[in-house]
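Taking it in order: structure first as structure tokens, then the write-up.
Every heavy atom of this structure was used, including side-chain atoms; hydrogens, water molecules and symmetry mates were not. Quick caveat: nothing in here was measured; it's all calculated off a predicted structure.
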Amino acid sequence: MHENCMSTALLTDMYELTMLDSALGSGKADYFSVFEVFSRRLPGERRYGVVAGTGRILEALQHFRFGDAELQYLHDAKVVGEKTLEYLADFQFSGDIYGYAEGECYFPGSPLLTVTGTFAEAVLLETLVLSILNYDCAVATAASRMTIAAHDRPCLDMGARRTHEMSAVAAARATVVGGFIGTSNLEAGRRYGITPIGTAAHSFTLLHDSEEEAFAAQIAAMGPGTTLLVDTYDVPTGVERAVAAARAAGGELGAVRIDSGDLVAQAFQVRAQLDELGATGTKITVTNDLDEYSIAALNAAPVDSYGVGTRVVTGSGRPTAELVYKLVASEHSDGKIHAVAKASTGKPSVGGLKVAGRKYDANGSAEAELVVAALSWEAGRAYLQEHDAQPLQVQYVSGGKINPEYLDEGALARAAKHHRESRAVLPYNAWRLSAGEPGIPTLMQHI
């Protein structure tokens with residue numbers, strides 16, 4: 001896996017450092033604290049969300065150090081005082097991080113990620129954690145809804161040009177968690193081992209004196225099994241020329257791509273034409289601003305795969321998962337750990353460390369999320385066991401040490417597999433694309 005060695009310590013908001021500065025002054029910086037990531041609601045009244053980005057958080061955590069350049073900037077900008085600069089010079093996260101397995105489905109109130117440690121070290125991770133999870137979960141959720149709509153037909157990420165250049169890499173990874181099988185983005189392919197895909201755009205056809213010449217040139221370079229874009233001029237003529245070009249090269253054309261017009265009607269027309277030409281093995285892929293709804297509308301059409309761009313990298317209209325990072329328990333001056341919670345109007349939180357499990361019915365279908373607010377992992381897990389709920393959280397970081405299992409070359413494939421399994425046991429109502437209630441209820445229990 002490719003690693004970016006730039007420090008990630010300043011990928012944060014200023015108030016995290018000013019809180020640290022003040023906490024060091026008040027003597028509270030070393031108090032044990034529990035922070036939790038959760039959502040109060042699912043954006044767009046979707047039926048479930050998808051956890052994605054935890055692997056990227058661990059990548060970023062490896063480089064969360066304040067080097068000379070970072071410290072000099074904080075000094076020159078007068079962000080914090082000398083005592084805080086001294087603290088940051090030796091900073092290394094030494095706490096624990098628990099969370100839902102990447103690829104897991106989540107619901108309102110689900111504790112996606114739990115960070116425990118001193119207030120100082122846990123508060124510094126807030127913006128980094130949220131910026132990754134809010135984007136990656138939004139993209140993975142959109143991708144999951146699209147792969148549901150596709151009914152096992154492959155979905156491919158082509159959204160790099162529709163978002164920030166580094167967001168494109170993150171998005172490609174998140175789409176794989178949600179069920180996509182390839183990406184047009186080569187950096188994502190290199191960094192995460194995702195299958196790269198792509199052949200040619202309309203500009204390649206327009207470069208040549210004729211469509212026939214363009215097709216012949218592409219086939220000469222890539223072989224007859226390539227995918228030819230047939231809608232630069234006239235689709236029926238393009239299909240005929242594409243099949244002829246592949247046969248002239250001694251093979252059968254792999255696929256044609258349609259990128260405009262009425263995709264449903266054209267898919268039927270192109271399939272009929274290909275079959276009439278004897279190109280029964282040539283597949284059809286479609287692109288052109290697809291989302292889960294347009295993919296669902298193509299279900300009856302003879303389409304073999306979908307290339308998705310803008311909609312998937314922007315969360316299909318919901319570009320953030322609306323996750324928050326809140327302090328839910330902390331040490332007080334009496335030396336004991338206390339549950340703490342906001343009571344703000346419309347933005348309350350639930351105090352206490354959360355231990356989460358899922359309950360299943362006799363047929364193995366998920367029926368409820370059980371979230372236990374406790375003061376220890378042991379007490380919460382014991383409660384889950386007593387109530388036949390399967391634990392959902394794994395430990396990503398222990399005493400500052402990252403579990404390498406979640407960063408190895410197989411981590412992304414395992415996350416994608418986990419998502420398929422997690423989604424498969426949700427009740428049918430959770431798979432619906434329409435707005436509605438969460439697919440299963442969240443039961444909050446205080447012990």
Side-chain angles (χ1 to χ4, degrees), residues 1-13 37 39 42-44 46 49-64 102-103 106 112-113 125-147 155-198 201 287-292 306-325 407 411-412 415-416 419:
M1 181 181 295
H2 173 79
E3 294 180 357
N4 183 353
C5 294
M6 179 190 79
S7 170
T8 57
L10 295 187
L11 297 177
T12 188
D13 290 312
V37 176
S39 67
L42 296 176
R46 290 176 172 173
V50 180
V51 177
T54 43
R56 292 209 308 118
I57 289 172
L58 301 181
E59 290 177 8
L61 187 61
Q62 293 180 112
H63 308 296
F64 199 90
E102 194 160 20
Y106 72 88
L112 272 66
L113 202 74
L125 299 185
E126 176 182 354
T127 298
L128 183 66
V129 164
L130 285 179
S131 63
I132 292 174
L133 286 181
N134 266 317
Y135 183 68
D136 289 30
C137 291
V139 172
T141 300
S144 177
R145 286 162 58 84
M146 291 172 188
T147 54
C155 289
L156 309 164
D157 161 48
M158 297 181 177
R161 65 190 62 197
R162 303 301 189 189
T163 187
H164 183 276
E165 64 272 19
M166 295 315 297
S167 296
V169 180
R173 184 185 183 282
T175 66
V176 172
V177 176
F180 280 44
I181 65 167
T183 181
S184 64
N185 188 279
L186 291 177
E187 179 58 31
R190 177 178 74 151
R191 189 175 301 188
Y192 298 116
I194 306 170
T195 301
I197 55 96
T287 52
N288 190 26
D289 208 22
L290 300 175
D291 63 11
E292 59 266 53
Y306 305 94
V308 188
T310 303
R311 299 292 183 168
V312 73
V313 300
T314 57
S316 196
R318 304 291 173 177
T320 175
E322 300 182 16
L323 303 171
V324 294
Y325 184 99
L407 280 176
L412 181 56
H419 176 59

Worksheet item: Between Leu290 and Met146, is a side chain to side chain contact (heavy atoms under 4.5 Å, CB included) present by the stated rule, with each step listed?
Response: CA-CA 9 Å; Leu290 300 175; Met146 291 172 188; over 6 Å; no
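- Residues Leu113 and Ile57 are in side-chain contact: their nearest non-hydrogen atoms beyond the backbone lie under 4.5 Å apart.
- How far CG of Asn288 is from CE of Met158: 12.0 Å, rounded to the nearest 0.5 Å.
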Item to complete: I would like to know whether Leu11 and Phe64 meet side chain to side chain contact (heavy atoms under 4.5 Å, CB included); could you show each step before the answer?
Response: CA-CA 9 Å; Leu11 297 177; Phe64 199 90; over 6 Å; no
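- Note that CZ of Arg318 and CG of Leu42 are 11.0 Å apart. Values are rounded to the nearest 0.5 Å.
- Results of the side chain to side chain donor-acceptor pair (under 3.5 Å) test with Ser316 over Arg145, Arg311, Glu292 single out Glu292 as the only residue that passes.
- Remark: the Thr175 side chain and the Asp157 side chain contain no N/O donor-acceptor pair separated by less than 3.5 Å.
- Between the side chain of Thr147 and the main chain of Gly178, a donor-acceptor pair closer than 3.5 Å is present.
- In this model, a donor atom of one side chain and an acceptor atom of the other lie less than 3.5 Å apart for Asp13 and Thr127.
- The side-chain heavy atoms of Thr12 and Leu125, taken from C-beta on, include no pair separated by under 4.5 Å.
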Discussion item. Run the side chain to side chain contact (heavy atoms under 4.5 Å, CB included) test on Thr195 and Ile181 for me, step by step, so that the C-alpha distance in whole Å, both residues' side-chain angles and the decisive distance to 0.1 Å come before the verdict.
Written reply: CA-CA 7 Å; Thr195 301; Ile181 65 167; over 6 Å; no
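- Summarising the geometry, atom CZ belonging to Arg56 is positioned 11.5 Å from atom CG belonging to Leu58; distances are rounded to the nearest 0.5 Å.
- Using a 4.5 Å heavy-atom threshold, the side chains of Gln62 and Leu407 count as touching.
- Side-chain contact check for Val313 versus Tyr135: some heavy-atom pair is nearer than 4.5 Å.
- A heavy-atom distance below 4.5 Å is found between the side chains of Arg46 and Thr141.
- For Glu102 (side chain) and Val177 (main-chain N/O), no donor-acceptor pair under 3.5 Å exists by modelled atom type.
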Discussion item. Quick one, Leu156 with Thr183, criterion side chain to side chain contact (heavy atoms under 4.5 Å, CB included). Give me CA distance, side-chain angles, the key distance, then yes/no.
Written reply: CA-CA 6 Å; Leu156 309 164; Thr183 181; over 6 Å; no
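- Here CG of Leu133 is found 9.5 Å from CG of Leu128. Values are rounded to the nearest 0.5 Å.
- In this structure, the side chain to side chain contact (heavy atoms under 4.5 Å, CB included) partners of Val169, at least two apart in sequence or on a different chain, are Met166, Asn185, Glu187, Ala188, Arg191, Tyr192.
- Panel note: side chain Thr310, backbone Arg162; no donor-acceptor pair is recorded below 3.5 Å.
- Ile194 is not listed as a side-chain neighbour of Phe180, based on a closest heavy-atom distance of 4.5 Å or more.
- With Asn134 contributing its side chain and Thr320 its backbone, the two residues share no donor-acceptor pair below 3.5 Å.
- Minimum interatomic distance between Ala321 and Ser39 (heavy atoms only, all atoms of both residues): O-CB, 4.3 Å.
- When every heavy atom of Ala142 is checked against every heavy atom of Gly315, the shortest pair comes out as CB-C, 3.6 Å.
- Residue-environment remark: CG (Leu186) stays at or below the threshold of 12 foreign heavy atoms within 6.0 Å.
- The closest donor-acceptor contact from the side chain of His63 to the backbone of Ser7 lies at 3.5 Å or more, if one exists at all.
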